[in-house]
Amino acid sequence: MHKEILLDEQKQLDSDSKIDELNQALDSGKITQDYYNYAIQHLSDNFFQKKAFQKIFNQYLDIEQLSKNGIHAEVIDKTGWNQFFGLEAITQNLICLSITILLLILILTQYGVYENITEVNTLMYSSFLGYKI
């Protein structure tokens, strides 16, 4: 039951055959160039849907294979795990860390410059009785 639904969805999202059909229709003059461009744009919009579906379908096939071997498995959403611990997360964390370090450097550099301009250092280095160290 589930496999039939997934296979039907895969056929609907299969854009390769649709692109071939559009190319043939354009070559034969059944459709205009404008409609062809519109249809190709629509198919490229479905790319993210196809990518998400492919993740679920691959997971379903893996679960089906495990069930045949007698291992109980269920469908899980790996998005959270991948966002925290996956390769995408490492890249994102490095970007955030780099931006944070850059901002800290800029902020602390301004602090040091301000200290030298206002000569507050002379007040800080003076002793209790007013003598400089």
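Below, all heavy atoms of this structure are taken into account, side chains as well, without hydrogens, waters or symmetry copies.
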Check: Are the side chains of Ile63 and Ser67 in touch, meaning some heavy atoms are under 4.5 Å apart?
Finding: yes
Next item on the list: Drop me the distance from Leu26's CG to Gln24's CD, to the nearest 0.5 angstrom.
Entry: 11.0 Å
Next item on the list: Could you pull out the closest heavy-atom pair between Ile31 and Leu22, with the gap in Å?
Entry: CD1-O, 3.7 Å
Next item on the list: Side-chain contact test, heavy atoms from C-beta onward, threshold under 4.5 Å: evaluate it for Tyr36 versus Asn23 and give yes or no.
Entry: yes
Check: So how far is it from Ile90 CD1 to Ile95 CD1, rounded to the nearest 0.5 Å?
Finding: 12.0 Å
Next item on the list: Would you mind telling me which of Asn93, Ile99, Ile101 makes a side chain to side chain contact (heavy atoms under 4.5 Å, CB included) with Leu97?
Entry: Ile101
Check: Between His72 and Leu66, is any pair of side-chain heavy atoms under 4.5 Å apart?
Finding: no
Notebook entry, point to check: Quick one: CZ on Phe57 to CD on Glu64, what's the gap to the nearest 0.5 Å?
Noted result: 8.5 Å
Notebook entry, point to check: What's the spacing between Glu74 CD and Gln59 CD if we round to 0.5 Å?
Noted result: 10.5 Å
